[in-house]
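Atoms considered below: every heavy atom in the structure, side chains included; atoms not considered: hydrogens, waters and symmetry mates. In what follows, chains are A, B, ... by sequence order, proteins preceding strands, each numbered from 1.
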Amino acid sequence: MKILYFAWLRTEIGLAEESASPPASIKTAGALIDWLAALSPGHAAAFEKRDSIRVAIDQEFAELDSCLSGASEVAFFPPVTGG
Amino acid sequence: MKILYFAWLRTEIGLAEESASPPASIKTAGALIDWLAALSPGHAAAFEKRDSIRVAIDQEFAELDSCLSGASEVAFFPPVTGG
Amino acid sequence: MAVRVQSEAFDVGVESARMTKGRRDVGAVASFVGIAREDNPDEGAEPVIAMTLEHYPGMTERQLEAIEAEARARWPLLDCLIIHRYGRFEPGDPIVLVLTLSSHRQVAFDACQFLMDWLKTKAPFWKQEETASGARWVASRKSDDAAAEKWSKPS
Amino acid sequence: MAVRVQSEAFDVGVESARMTKGRRDVGAVASFVGIAREDNPDEGAEPVIAMTLEHYPGMTERQLEAIEAEARARWPLLDCLIIHRYGRFEPGDPIVLVLTLSSHRQVAFDACQFLMDWLKTKAPFWKQEETASGARWVASRKSDDAAAEKWSKPS
């Protein structure tokens with residue numbers, strides 16, 4: 001599974017992209033956050049601001065309780081500020 | 001007093017502009033219409049569609065009962081259709 | 001802030017670039033271009049070959065300036081431009097341009113739409129359309145009156 | 001109908017001329033250009049030196065296409081264009097362009113405003129501002145959420 005980070009999640013974690021193989025017990029985007037947060041202190045610090053984090057599963061906006069089944073790309077980022 | 005005609009009033013009367021010296025008893029734009037209508041059959045025909053005629057006194061929109069006092073330029077035309 | 005009544009064509013990109021050039025405070029530029037078109041659903045199926053816009057020189061400029069002043073009084077505009085052409089036009093020819101500059105998009109959008117709605121009912125222009133059957137003066141539209149009316153201030 | 005995500009600049013006049021060229025059915029072209037600006041009243045007085053727009057390649061195009069499809073489903077548009085730039089911008093640089101073509105002005109205006117409002121909250125772009133104190137990520141604005149929300153369909 002490809003994990004992408006944007007904006008301050010990218011700068012805090014220090015990565016734009018990484019590969020992850022979470023166990024089968026990780027079924028939702030929220031559970032994936034908890035699992036990723038354990039990877040490094042940088043991950044832990046970035047994922048602490050959970051209320052400010054949005055998620056996209058396979059390039060579609062999703063919720064933290066959205067199911068990951070079959071997802072090949074999950075992205076985490078703050079609320080968008082384009083335009 | 002300069003009288004101007006636009007759009008179908010101009011084409012029906014056959015004049016874009018004329019000079020008029022209505023008597024002092026002609027105090028409103030509506031009275032001026034009645035007076036001008038007597039000038040020729042073309043004037044009479046054009047001014048018959050009174051509900052479709054708008055007026056400007058000295059280049060400001062006015063009403064048929066607006067006072068002419070001191071006016072130097074009175075224009076008659078249909079409702080505007082620009083833009 | 002400017003108003004132009006002209007027969008010549010205009011270019012929205014050129015005008016917009018000129019108005020924003022060197023500025024660091026503009027966040028939003030809204031524009032509208034009104035174009036002569038062939039079909040007029042209100043008047044049956046006969047296509048429009050051309051139209052001629054007649055106006056009241058002098059009063060036109062006064063009215064457009066008054067409309068522009070009203071927009072500036074209602075919204076914090078950084079700049080705005082109205083260009084209205086007169087003369088004969090064929091389908092596809094641009095006739096009117098309204099450009100508004102503001103810090104914020106809602107202001108630019110609202111003022112641009114207000115200017116168009118008021119201009120439609122308050123600027124002394126008259127359209128004559130040519131079709132295969134001949135020329136006829138276009139009647140004013142109730143929908144334009146309603147659009148202008150929605151900007152009336154509560155009394 | 002087109003969506004472009006690019007670092008290069010754009011010209012509203014060029015795009016508009018290209019889209020209307022040869023058409024006889026377009027009566028209204030509404031456009032909006034969003035521009036990087038120096039002052040940000042929400043964040044105190046420190047002027048913005050530059051901003052960098054990051055985006056999510058792939059998802060950005062998908063989202064813009066979905067937003068455009070929604071606009072086409074809601075309004076009878078003859079054409080529309082969304083260009084959104086990414087990269088580093090200084091105050092005065094144009095960032096986003098939305099252009100809508102329709103027979104009638106209200107449709108063009110409404111669709112243009114809808115596209116901008118939705119784009120602000122649904123396109124995956126993130127702004128980082130540089131000021132004399134350093135760089136910071138811009139927080140999303142409640143007013144943008146409210147603007148997008150007003151286009152929600154009654155359920």
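Heavy atoms of D:E90 lying under 4.5 Å from chain C are absent altogether. For a residue to count as touching a neighbouring chain, one of its non-hydrogen atoms must lie under 4.5 Å from one of that chain's; by this rule C:T100 does not touch chain D. With a 4.5 Å cut-off on non-hydrogen atoms, D:R105 touches chain C through its backbone and its side chain both. If you measure heavy-atom distances from D:D117 to chain C, the contacts under 4.5 Å come from both the backbone and the side chain. The part of D:T20 that comes within reach of chain C is its side chain, from C-beta onward, which places non-hydrogen atoms under 4.5 angstrom from that chain. With a 4.5 Å cut-off on non-hydrogen atoms, D:K120 touches chain C through its side chain but not through its backbone. There is no contact between D:V14 and chain C, counting heavy-atom distances below 4.5 Å. For chain D, the nearby part of C:A36 is the backbone; its heavy atoms alone come within less than 4.5 Å.
Counting heavy-atom pairs closer than 4.5 Å to chain C, the top residue among D:D25, D:V33, D:L101 is D:V33. Put simply, of C:A17, C:G13, C:S31, the one with the most heavy-atom pairs under 4.5 Å next to chain D is C:S31. When the candidates D:G34, D:S143, D:A108, D:C112 are compared by the number of heavy-atom contacts under 4.5 Å with chain C, D:C112 comes out ahead. Counting heavy-atom pairs under 4.5 Å between each of D:A28, D:G92, D:G27 and chain C puts D:G27 at the top. Note: D:V12 leads D:D11, D:I95, D:V12 in heavy-atom pairs under 4.5 Å with chain C.
Residues C:D144 and C:K142 are not paired through a salt bridge, judged by the lack of any N-O separation under 4.0 Å between the basic side chain and the carboxylate. Note on C:E15 versus C:R4: salt bridge recorded, some NZ/NE/NH1/NH2 to OD/OE distance being below 4.0 Å. Salt bridge status for D:E130 with D:R136: absent, with no side-chain N to carboxylate O gap under 4.0 Å. Salt bridge status for C:E54 with C:K127: absent, with no side-chain N to carboxylate O gap under 4.0 Å.
Contact annotation: the side chain of C:L99 approaches that of C:S16 to within less than 4.5 Å [non-hydrogen atoms, C-beta and beyond].
Between the CG atom in D:L97 and the CZ atom in D:F10 there is a gap of 5.0 Å [rounded to 0.5 Å]. Interatomic distance, CG of D:L115 versus CZ of D:R72, reported as 11.0 Å (0.5 Å rounding).
Between D:H84 and D:F125, the two ring planes are parallel [angle under 30°; tilted spans 30° to 60°].
Dense packing is recorded around NZ of D:K150, with more than 12 heavy atoms of other residues, nucleotides or ligands lying under 6.0 Å away.
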